[in-house]
Amino acid sequence: MHNLFDLNGRAALVTGANTGLGQAIAIALAEAGADIVAAGRSDAAETAARVRAAGRRFHFVPTDLSRKPQQAQLAGVVEQALDAFGRLDILVNNAGIIRRANAIDVTEEDWDAVLDTNLKSLFFLSQAAARHMLAQGGGKIINVASLLSFQGGIRVPAYAASKSGVAGLTHALANEWAARGINVNAIAPGYFATNNTAALRADPAREPQILARIPAGRWGRPEDLAGAAVFLAGAASDYVHGVVLPVDGGWLAR
Ligand code: NAP
């Protein structure tokens with residue numbers, strides 16, 4: 001049973017692993033045995049220390065995932081990840097941004113920034129990783145979706161579009177690669193206490209409304225994603241394809 005969740009000898013590339021959910025996922029994968037390559041634009045020293053404390057190797061690839069041309073740039077990120085540990089078994093597409101505005105006020109700059117970061121980078125990083133994973137006979141791709149992969153949200157139309165797109169790509173890529181050994185799945189976090197939700201948690205009207213709707217009675221903590229991440233990264237999920245798994249304290253059940 002234990003082997004189903006054992007990631008010893010695997011190498012994982014995690015985007016946006018310096019903070020928040022990506023950091024918690026990277027640490028969880030390391031504690032399950034994986035070496036970690038973190039790709040992001042901010043220093044990930046704290047994550048590096050936690051991964052090394054778990055006895056695993058850590059490598060940082062500095063990159064802005066939205067830098068153009070994205071397809072070539074992201075292929076380079078995968079090359080650097082492969083150079084680090086000589087293998088790539090797990091890709092976690094975690095990095096993402098949110099811009100809040102009424103639909104009527106959304107600018108083209110906001111729209112492009114959100115879609116380029118949350119959706120376009122996820123696709124082209126997956127494409128580059130899959131080229132390698134298909135050649136090696138398999139791998140695991142875990143996308144970080146959202147409740148707004150299922151719902152419309154409030155004042156975040158570009159984000160809702162991007163995360164609905166993440167669910168669509170999770171299905172599409174799973175269809176294409178399931179028979180070739182790659183599991184493509186997603187985690188849909190509920191409301192978690194990170195930078196992404198700082199504005200919501202500071203809003204005296206929205207914070208209690210959100211909390212009152214969560215059956216579990218509390219905001220998520222980043223480490224609440226550990227189990228889902230290790231499950232989707234390991235042999236336990238070998239026949240699980242195209243799933244968008246809510247980890248939301250029951251929000252969608254309400
Ligand atoms: P966060 O603390 O704001 O972390 C976002 C991460 O993405 C950071 O590491 C950030 O780097 C990185 N990032 C953003 N744009 C980037 C770019 N252009 N290039 C490289 N890295 C970039 O928020 P979080 O809550 O942990 O978010 C992680 C993921 O979970 C996102 O996809 C988010 O949409 C999703 N999510 C969050 C919640 C929630 O309640 N918190 C719920 C559902 C889904 P910097 O530190 O340099 O900005």
Side-chain angles (χ1 to χ4, degrees), residues 13-28 36-48 60-68 70 73-74 76-77 80 91-100 109-110 112-126 142-151 153-154 156 158-167 169-170 186-203 206-207 210-211 213-214 216 218-226 228-229 244-249 251-252:
L13 170 59
V14 184
T15 64
N18 57 302
T19 185
L21 305 186
Q23 180 179 56
I25 291 170
I27 292 166
I36 305 296
V37 178
R41 59 187 179 184
S42 299
D43 174 69
E46 190 183 306
T47 310
F60 182 62
V61 177
T63 184
D64 178 338
L65 298 166
S66 64
R67 191 158 60 81
K68 305 289 189 321
Q70 276 175 285
Q73 209 251 126
L74 295 165
V77 170
Q80 289 180 68
L91 167 65
V92 182
N93 285 304
N94 163 76
I97 59 171
I98 193 162
R99 299 259 172 104
R100 296 174 200 282
E109 191 276 330
D110 280 342
D112 286 346
V114 171
L115 271 292
D116 285 353
T117 306
N118 296 8
L119 189 59
K120 193 173 172 187
S121 81
L122 177 148
F123 176 73
F124 283 110
L125 206 54
S126 299
I142 304 170
N143 298 323
V144 177
S146 165
L147 295 178
L148 302 197
S149 301
F150 305 98
Q151 302 178 313
I154 299 172
V156 287
Y159 185 83
S162 73
K163 293 297 185 176
S164 296
V166 169
L169 274 181
T170 301
I187 297 172
Y191 284 85
F192 278 66
T194 67
N195 299 334
N196 176 289
T197 54
L200 284 183
R201 286 179 289 115
D203 183 327
R206 291 289 312 282
E207 198 281 336
I210 290 168
L211 186 59
R213 220 212 110 138
I214 303 173
R218 64 170 176 83
W219 285 66
R221 304 178 193 108
E223 57 272 22
D224 286 322
L225 292 186
V244 183
L245 174 63
V247 181
D248 65 352
W251 176 279
L252 287 175

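In each ligand, atom 1 is the first atom listed, and ligand 1 is the first ligand listed.
- Leu21 has its side chain within reach of Pro189: a pair of non-hydrogen atoms, C-beta onward, lies under 4.5 Å apart.
- Judged by the shortest distance from any of its heavy atoms, Pro222 lies outside the 4.0 Å radius around the atoms of ligand 1.
- In this structure, Leu147 falls outside the shell of residues with a heavy atom less than 4.0 angstrom from ligand 1.
- For the ligand labelled ligand 1, residue Ala39 lies outside the 4.0 Å heavy-atom shell.
- Side-chain contact between Ile154 and Arg206: present, with at least one pair of heavy atoms (C-beta onward) separated by less than 4.5 Å.
- Taking 4.5 Å as the limit, some side-chain heavy atom of Trp251 sits within range of a side-chain heavy atom of Ile210.
- In Asp64, the parts holding a heavy atom less than 4.0 Å from any atom of ligand 1 are both the side chain and the backbone.
- Of the heavy atoms in Asn196, both backbone and side-chain atoms come closer than 4.0 Å to ligand 1.
- Contact annotation: for Tyr191 versus ligand 1, heavy atoms closer than 4.0 Å belong to the backbone alone.
- Considering backbone and side-chain atoms alike, Val144 places every N or O at 3.5 Å or more from each N or O of ligand 1.
- Of all the heavy atoms of Lys163, the ones lying under 4.0 Å from any atom of ligand 1 belong exclusively to the side chain.
- For Tyr159, the closest heavy-atom approach to ligand 1 falls below 4.0 Å.
- Asp116 is linked by a side chain to side chain contact (heavy atoms under 4.5 Å, CB included) to Ser66, Lys68, Gln70, Asp112, Lys120, counting only residues two or more places apart in sequence or in another chain.
- Only the backbone of Thr63 comes within 4.0 Å of ligand 1, counting heavy atoms alone; no side-chain atom from C-beta on gets that close.
- When only interatomic distances are considered, the shortest N/O to N/O separation between Thr197 and ligand 1 does not fall below 3.5 Å.
- By the 3.5 Å distance cut-off applied to N or O atoms, Thr194 is counted among the residues near ligand 1.
- Evaluation of the salt bridge (Lys or Arg N to Asp or Glu O under 4.0 Å) rule for Arg221 yields no partner, not counting sequence neighbours.
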